[in-house]
Amino acid sequence: MSTKRYPGRDAIKTKGWFAAHRWLLLRRLSQFGFLALFMIGPMSGYYLVKGSIASSLTLDTLPLTDPYILLQTLAAGNVPEMTALIGALIVVAVYLVVGGRVYCAWVCPINIITDAAHWLRVRLDIHGGLKFTKAARYWVLGMTLVVAFLTGVVAWELVNPVTMIYRGLIFGLGWAWGAALALFLFDLLISERGWCGHLCPVGAFYGTLGKAAVFRVSAIHRDDCDDCMDCYAVCPEQQVLPPALKGARSGTGPVIDAGACTNCGRCIDVCALDIFQFGSRFAGPTATTSRSATDHDLKKAA
Amino acid sequence: MKQHGTKNAGARNRRKFLADTARTACGVGLTGLALAHLATAAKSRPVAALRPPGAGAENAFLSACIRCGLCVNDCPYPTLGLARIEDDVAVGTPYFVARDVPCEMCDDIPCVAACPTGALDKGLTNIDNARMGLAVLTDEETCLNFQGLRCDVCYRVCPVMGKAITLEYQPNTRTGKHASFIPTVHSEACTGCGKCEHACVLEDAAIKVLPSHIAKGKLGKHYRLGWKEKEKKGEALVKGITDLPDRMPDSAAEAKP
């Protein structure tokens with residue numbers, strides 16, 4: 001699909017620049033905020049949060065552990081202690097509410113890198129390259145667990161760029177910046193949205209978790225859609241949009257309930273007609289609230 | 001006619017799906033092979049890299065450590081660090097190099113307390129029971145004490161002084177009249193903290209902490225040492241053995257009376 005070069009122009013015109021970048025700005029704030037929480041400790045000597053994204057201890061009381069990494073240790077034959085188990089359960093519970101891949105869009109630092117690569121890719125008009133099926137990441141996820149089982153080593157963490165870069169920023173980067181650069185170039189030159197959108201097993205894990213998540217984006221005013229395609233242009237997982245946005249005729253609800261949706265909220269930002277909204281998946285299977293035609297026309301005319 | 005078309009489309013879709021799946025499976029399979037190779041290679045840790053107290057065997061440690069760095073955060077000394085990509089140790093795992101900064105053997109063992117997964121065993125409550133490795137006097141040719149000098153630094157910095165390293169007297173054959181004080185490590189007391197290696201005054205340490213499995217030998221299970229068995233039993237194992245007179249070398253026989 002030829003993506004639009006400057007999606008969201010209409011939104012900026014009707015809503016203003018800040019409103020048209022609201023969720024994007026909040027997301028960046030969140031990503032850098034989490035990173036800052038971890039980095040303050042080693043930099044100042046005063047620890048709010050200890051550890052890293054793999055496992056942490058907040059204010060010396062709240063343990064949090066990445067359930068995917070814990071799953072790898074289980075596959076490798078280790079029975080973890082209570083602290084790690086409780087930490088992982090808390091994390092699972094949180095993502096079951098806010099949406100699994102909220103991890104990808106709101107926490108993971110790699111997202112900043114691959115988003116930047118995509119931004120540049122569109123501006124430099126780079127097309128084509130390596131294509132992966134959307135199922136590839138689930139294969140990779142399975143592979144990481146099989147390798148952990150066969151070798152008895154938490155193997156993916158030897159190469160996982162997500163934890164590597166996070167760990168590097170807290171405990172000393174070394175050559176880990178090379179991994180960041182490699183991912184940037186991979187997404188820029190080799191495969192469009194290749195890493196986060198197709199290959200990363202961390203995203204696959206959280207996406208699987210997110211299939212049951214409560215907090216979702218809903219195309220609640222989908223009847224007003226004027227097919228401008230801006231949301232498609234910015235969506236990192238375009239396949240999740242059609243069922244919710246165009247599902248009125250087939251009776252599919254307006255809630256985007258695909259696990260792959262990262263709840264990044266960029267579709268909400270760029271839509272000049274405010275069709276999308278954050279909400280609960282229990283908003284009802286076919287509940288769409290259509291604003292009156294006059295209301296819609298007034299808005300367009302304005 | 002139309003039906004025929006859909007049938008063809010269906011077959012095409014099916015073929016595309018199968019081709020895509022096969023392609024993905026092959027790609028991911030090959031990546032998995034490379035990853036498995038990397039994981040296997042990661043098991044051979046460099047000799048100089050020591051694990052924190054309570055880490056146990058390397059294979060078990062690599063299956064349990066999630067590389068979070070909580071042990072590093074709670075280490076009050078600049079001892080522990082997490083392996084970087086270029087470090088030759090499994091990426092992200094905690095380790096220390098004794099020659100640079102040894103383990104200070106904290107009484108409360110904060111690194112073990114911090115570990116959320118059990119990669120560092122909470123069963124370790126007395127730091128004297130830690131076995132991070134085993135000190136070995138690897139080079140008698142350069143060790144100053146072996147030259148008959150009184151260096152003794154490794155002996156004196158040892159936190160388990162007098163137990164993990166003792167000084168054993170040996171005649172100094174060079175001078176013919178002095179004693180050499182030979183630093184001797186005892187595995188039942190050495191924690192592998194690395195203080196001796198760190199303190200060795202030589203340019204390259206003559207005493208080094210090695211992984212226990214490299215440093216230690218192991219007696220065959222069937223092997224019995226006669227004098228120990230005798231001691232255990234309290235008497236000779238076989239009675240009525242004719243004790244023949246000892247034949248000493250002439251010089252010894254002359255010296256004896």
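Here is how names work: the chains are called A, B, and so on, in the same order as the sequence lines, proteins then strands, and each is numbered from 1. Everything numeric in this text was worked out from a predicted model, so none of it was measured.
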* Taking atom CD of Glu188(B) as the centre, does the number of heavy atoms from other residues, nucleotides or ligands within less than 6.0 Å exceed 12? -> yes
* Segment of Val79(A) engaging chain B (4.5 angstrom heavy-atom cut-off) -> backbone
* **Side chain / backbone / both / neither for Leu38(B) at chain A, heavy atoms under 4.5 Å** => both
* Asked: Between the side chain of Thr65(A) and the main-chain N/O of Pro67(A), is any donor-acceptor distance below 3.5 Å?
  -> no
* **Most contacts with chain A, counted as non-hydrogen pairs under 4.5 angstrom, among Lys122(B), Arg84(B), Arg67(B)** => Arg67(B)
* **Crowding at NE2, His37(B) (>12 non-hydrogen neighbours, <6.0 Å)** => no
* Asked: Can you say whether Val159(A) sits under 4.5 Å from chain B via the side chain, the backbone, both, or neither, judging by heavy atoms?
  -> side chain
* Arg131(B) and Ser187(B) side chains, donor-acceptor separation under 3.5 Å -> no
* Asked: Side chain, backbone, both or neither: which part of Val153(A) has an atom under 4.5 Å from a heavy atom of chain B?
  -> both
* Please tell me if the side chains of Cys106(B) and Ile127(B) come closer than 4.5 Å, counting only heavy atoms from C-beta onward. => no
* Structure fact -> Comparing Thr83(A), Thr73(A), Val154(A) against chain B, the one with the most heavy-atom pairs below 4.5 Å turns out to be Val154(A)
* Pair Arg193(A)-His198(A), side-chain donor/acceptor within less than 3.5 Å -> no
* To do: Measure distances from Ala60(B) to the heavy atoms of chain A and classify the residue's part below 4.5 Å as side chain, backbone, both or neither.
  => neither
* Basic-acidic side-chain contact under 4.0 Å: Lys50(A), Asp60(A) -> yes
* With distance as the sole test, does Thr138(B) use its side chain to make a donor-acceptor pair with the main-chain N or O of Ala206(B) at under 3.5 Å? -> yes
* Asked: For the side chain of Thr79(B) and the backbone of Val101(B), is there at least one donor-acceptor N/O pair under 3.5 Å apart?
  -> no
* **Residue Cys71(B) versus chain A: region with a heavy atom under 4.5 Å** => neither
* **Residue selection (most heavy-atom pairs with chain B, distance under 4.5 Å) from Gly142(A), Gly168(A), Gly152(A), Ala179(A)** => Gly152(A)
* Please look at Asp74(B) and chain A and tell me whether the side chain, the backbone, both or neither of the residue comes under 4.5 angstrom of a heavy atom of that chain. => side chain
* Region of Leu150(A) in contact with chain B, defined by heavy-atom distances below 4.5 Å -> neither
* With a 4.5 angstrom heavy-atom cut-off, which part of Ala42(B) approaches chain A: side chain, backbone, both or neither? -> side chain
* Asked: Who wins among Ala76(A), Gly51(A), Ala148(A) for the most heavy-atom pairs under 4.5 Å with chain B?
  -> Gly51(A)
* If you measure only the distance, is there a donor-acceptor pair under 3.5 Å linking the side chains of Asp66(A) and Tyr206(A)? -> yes
* Structure fact -> Note: vs chain B, highest number of non-hydrogen pairs under 4.5 angstrom among Met164(A), Met82(A), Gln72(A) is Met164(A)
* Give, as side chain, backbone, both or neither, the part of Leu82(B) having an atom under 4.5 angstrom from any heavy atom of chain A. => side chain
* **Carboxylate-amine/guanidinium proximity below 4.0 Å for Glu203(B) and Arg99(B)** => no
* Which atoms of Lys43(B) approach chain A - backbone, side chain, both or neither, heavy atom under 4.5 Å -> side chain
* What option among Thr93(B), Leu35(B), Asn59(B), Asp20(B) has the most heavy-atom pairs under 4.5 Å with chain A? -> Leu35(B)
* Structure fact -> Honestly, the part of Tyr166(A) sitting under 4.5 Å from a heavy atom of chain B is neither
